[in-house]
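Since the structure comes first, as structure tokens, the remarks are kept for the end.
Each chain gets a letter, A, B and so on, in the order its sequence line appears, and its residues count up from 1.
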Amino acid sequence: MNTTVCSLWSLGAGQRCRIESYDKALAENYRVRMMELGFHPGEVVTCLQAPALSAPKVYRVSNTMFSLDDEVASHIRVSLLGTDAT
Amino acid sequence: MSRIILVGSPNSGKSLLFNRLTGLSQKVANFPGITVDVGSGKLQEIPDTTLVDFPGTYSLQPISGEEEVAVEHFRRALDDADVTQVLCLIDATRMEKSLYFTLQVIRECERHGKQVVVLANMMDVLTRHKIEVDLAGLSHAIHAPIIPISARKGTGIDNLLKHLRHNIDNPKGGIDAGLAETPDELLRGNAHQLATRFGPRGDILIKSQARLDSFFLHSTLGGFAFFGIMYLLFQSIFTWSAPAMDAVETGLAALSDVIVPAISNQTASDFTADALFSGIGAFLVFVPQIFVLTFIIGLLEDSGYMARAALICHRPLKVFGLTGKSFIPMLSGVACAIPAIYAARSIDSPKKRLLTYMAIPLMPCSARLPVYTLLIAAFIPQTTALGGLVGLQGLAMFLIYFFGMACALLVTGLVSRNSPDQYNDLPFVLEMPPYRVPGLKPLLRNSWNRSKHFVTKAGKIIFAVTVVIWVLGYFPNHGADLSASWLGSIGHVVEPIFAPLGLDWRYGVAVLTSFLAREVFVGTLGTMFGIEGADENMVPLVEQIQASGLSVGSGLALLVFFAIALMCVSTMAILGKESRSNTLALKMFAAYGIAAYILAVGVYNLALLFGI
């Protein structure tokens, strides 16, 4: 099955993805912190809100919602799974 | 004396539990510097036992200097023989983010031979939504007792106290969870598995949160909601606190009318009237404003909206090195820098908090308003343009306000671009708290504590400076003639400093006294020109200034000077306390003072060049 690999930041509202990996450009301490917050490789993440004007987006991981800006989200590689009705 | 440590991840309801168990109202937060505020209080129901509340953290693997200090404090506490138990609070509605930290805490307690009690908080939310969690299974898996509680409703607290008493009466060895040698990476995986297996099922909570977010973060509706809420915030600062501020002013005046005439000694009477009631009173009048602002900001925080406001403002402020969380403090700074500096506590990034501190004193606070009003009335003609649509004086007021805000953003933009090593700072990762109805009691208690902190901490410094300025202005001729006082002499000495702005010694003295508080400028100038009550009725003073031969260029230079210079002892005091660095406050005072002076001289000379 072909899956589209892109960055977490490129997701639109309602889109679901699975985390594949982290860019090396993201500092190690950031990467560890993101994983501590639940953004593990293999974890399913849903983009709940993608506000206008490149404002930080709201993502759901497990039962928690986090807002990330492109500084972090653009360094997380994900494969698209589809859209979520949430 | 037995000590119990309370730890947990941010937004897990730790402070609420601490307050419930101790009867105190401690608010714990990470702070820059070498120490971290750790709250402690005696347990109300268990004698000779202290509960120590640590700042919330996601992990024992710190990513910033502040987290490092907090974690170090925790590790040191584990070595303390008086520490008998560790309470680890988890948010039962969002288990995974709490469980990783909990496993780390259990591992550390196992290594140090301490007891751990895990508290599953927010059970009331799960019950309300009929969501089940398997706490017994989780307790068995992590080898630690788990007590379900609701710190908010108070449920499960009796059971917790019973458990704590039992542990104190029957001391036993540390926990044996078999985690002592487990590395962090494995704990992360365990936490994920445990949350999936025993955590709450379903996503009702997320769905209800997302529904509200689709309105509050909507590209159009969210913008309207944001401006509506900010309008209410401004109303609270300027309008709602006004009656209370007037009441404080009237009350102090009435008290002064009773006390001052009863003092027979003239010097003591003058000191009581001018230094105590006028000087200290000028700062006490801000207490209601701080109370109201803290209350509204607390309301926004507790309701969950503050995180959304930070998100909306993040992008535009990021251009200037700030964060979305800087918005509320900067907005508050338009009313008064003091509550604004307090509000900057909510910024977790040390660098961005510092930049916000730098921006706040440049925001056009209400204390500048009487100065601007006086100078604009004196130097800007009361004419209109564009067929009466634009009043020149109104336009000047708008421009000077805009100038202050632009300077604030310019400073933070420049400083952030010249600060190396951006990866020492925290990225914008914000946990979106659930929406909820705020509790009135904690909000009132927090506002009361903040106001008390303002009076007790800043009051001492303000009192000292007030006394110094009063002594300089009063002696050696007992207040008969300000120009012949020591302050007047200083005015003559510093006159050459103000000469490049086209100002004589009288304006120099007025500027010097306004370092106490900007609005003092108007009153002092009134005294210099022999006008009583100039701060209430400015017209005679405006006429005197116009008649004194002061040029428009000097007026513009003064406007620019007041827009930039950090001339407020209260702000300096609070800045020093909150940043834990008096050096920072002094550096900002010097930098803004020099910049204000250079720009004012430039404006004056430019005006001369254009023959204004």
Side-chain angles (χ1 to χ4, degrees), chain A residues 7-9 11-16 18-19 22-76 83-86, chain B residues 9 11 58-59 61-64 67 91 93-98 100-101 104 184-185 187-189 191-192 195-196 199-203 205-207 209-210 213-214 216-220 222-223 307-308 310-316 318 323-324 422-423 426-434:
Chain A
S7 79
L8 183 62
W9 181 249
L11 259 64
Q15 283 189 301
R16 246 169 4 118
R18 176 170 284 115
I19 297 176
Y22 284 83
D23 275 357
K24 285 207 166 60
L26 190 67
E28 172 69 15
N29 54 352
Y30 284 21
R31 196 160 57 223
V32 170
R33 175 52 50 94
M34 293 310 294
M35 287 198 277
E36 287 168 353
L37 296 176
F39 290 83
H40 316 276
E43 187 65 51
V44 173
V45 177
T46 307
C47 176
L48 295 177
Q49 300 289 335
L53 305 171
S54 299
K57 294 180 182 179
V58 180
Y59 300 96
R60 174 192 171 174
V61 58
S62 186
N63 257 347
T64 312
M65 286 160 68
F66 289 97
S67 173
L68 310 178
D69 75 351
D70 59 342
E71 223 171 56
V72 174
S74 63
H75 295 301
I76 303 175
T83 53
D84 196 329
T86 307
Chain B
S9 53
N11 293 331
Y58 287 111
S59 141
Q61 195 172 346
I63 64 166
S64 72
E67 283 187 0
D91 176 353
T93 66
R94 293 168 292 170
M95 230 174 223
E96 187 175 340
K97 66 148 191 158
S98 300
Y100 170 58
F101 176 67
Q104 283 185 313
D184 281 339
E185 206 172 332
L187 289 186
R188 273 203 299 273
H192 182 59
T196 310
R201 302 255 176 266
D203 52 7
L205 295 174
I206 288 279
K207 277 184 173 167
Q209 203 172 328
D213 274 340
S214 62
F216 283 113
L217 296 177
H218 188 272
S219 299
T220 317
R308 278 75 189 178
L311 188 151
I312 290 168
C313 298
H314 181 70
R315 178 58 57 172
K318 193 181 169 185
T323 166
Q422 60 159 319
Y423 278 101
L426 297 172
F428 186 82
V429 177
L430 183 65
E431 186 183 338
M432 305 300 278

Heavy-atom neighbours of A/Arg18 CZ exceed 12 at 6.0 Å:
no
Go through the atoms of B/Thr93 and report whether side chain, backbone, both or neither lie under 4.5 Å from a heavy atom of chain A.
backbone
Pairwise side-chain contact, B/Ser59 with A/Arg33, heavy-atom cut-off 4.5 Å (strictly under):
yes
Contact class of A/Glu28 relative to chain B, heavy atoms under 4.5 angstrom
neither
Relative to chain A, which segment of B/Pro434 carries a heavy atom at a distance below 4.5 Å: side chain, backbone, both, or neither?
neither
Rounding to 0.5 Å, atoms NE2 (B/His192) and CD (A/Glu43) come to a distance of 4.0 Å
Taken to the nearest 0.5 Å, the spacing of A/Glu36 CD from B/Tyr58 OH works out to 11.0 Å
Do B/His218 and A/Gln49 meet the criterion of a side-chain donor-acceptor pair at a distance under 3.5 Å?
no
Tell me, please, which residues at least two apart from A/Ser54 pass side-chain contact (heavy atoms from CB on, under 4.5 Å).
B/Arg315
Separation between OG of A/Ser62 and CE of B/Met95, rounded to the nearest 0.5 Å
10.5 Å
Assess whether side-chain contact (heavy atoms from CB on, under 4.5 Å) is satisfied between B/Gln209 and A/Val58, documenting all intermediate values.
CA-CA 11 Å; B/Gln209 203 172 328; A/Val58 180; over 6 Å; no
Contact check, side chains of A/Pro51 and B/Ile312, non-hydrogen atoms, under 4.5 Å:
no
Side chains of A/Met65 and B/Arg94: closer than 4.5 Å at any heavy-atom pair?
no
Nearest heavy-atom neighbours spanning A/Thr64 and B/Ile206:
N-CD1, 4.1 Å
Are side-chain heavy atoms of A/Val72 and B/Val429 found at a separation under 4.5 Å?
yes
Between A/Ala55 and B/Leu311, the two heavy atoms sitting closest are CB-O, 4.0 Å
Ring pair (Phe, Tyr, Trp, His ring centres under 6.0 Å) with B/Phe428: which residues, sequence neighbours excluded?
B/His314
What's the spacing between B/Glu431 CD and A/Leu37 CG if we round to 0.5 Å?
7.5 Å
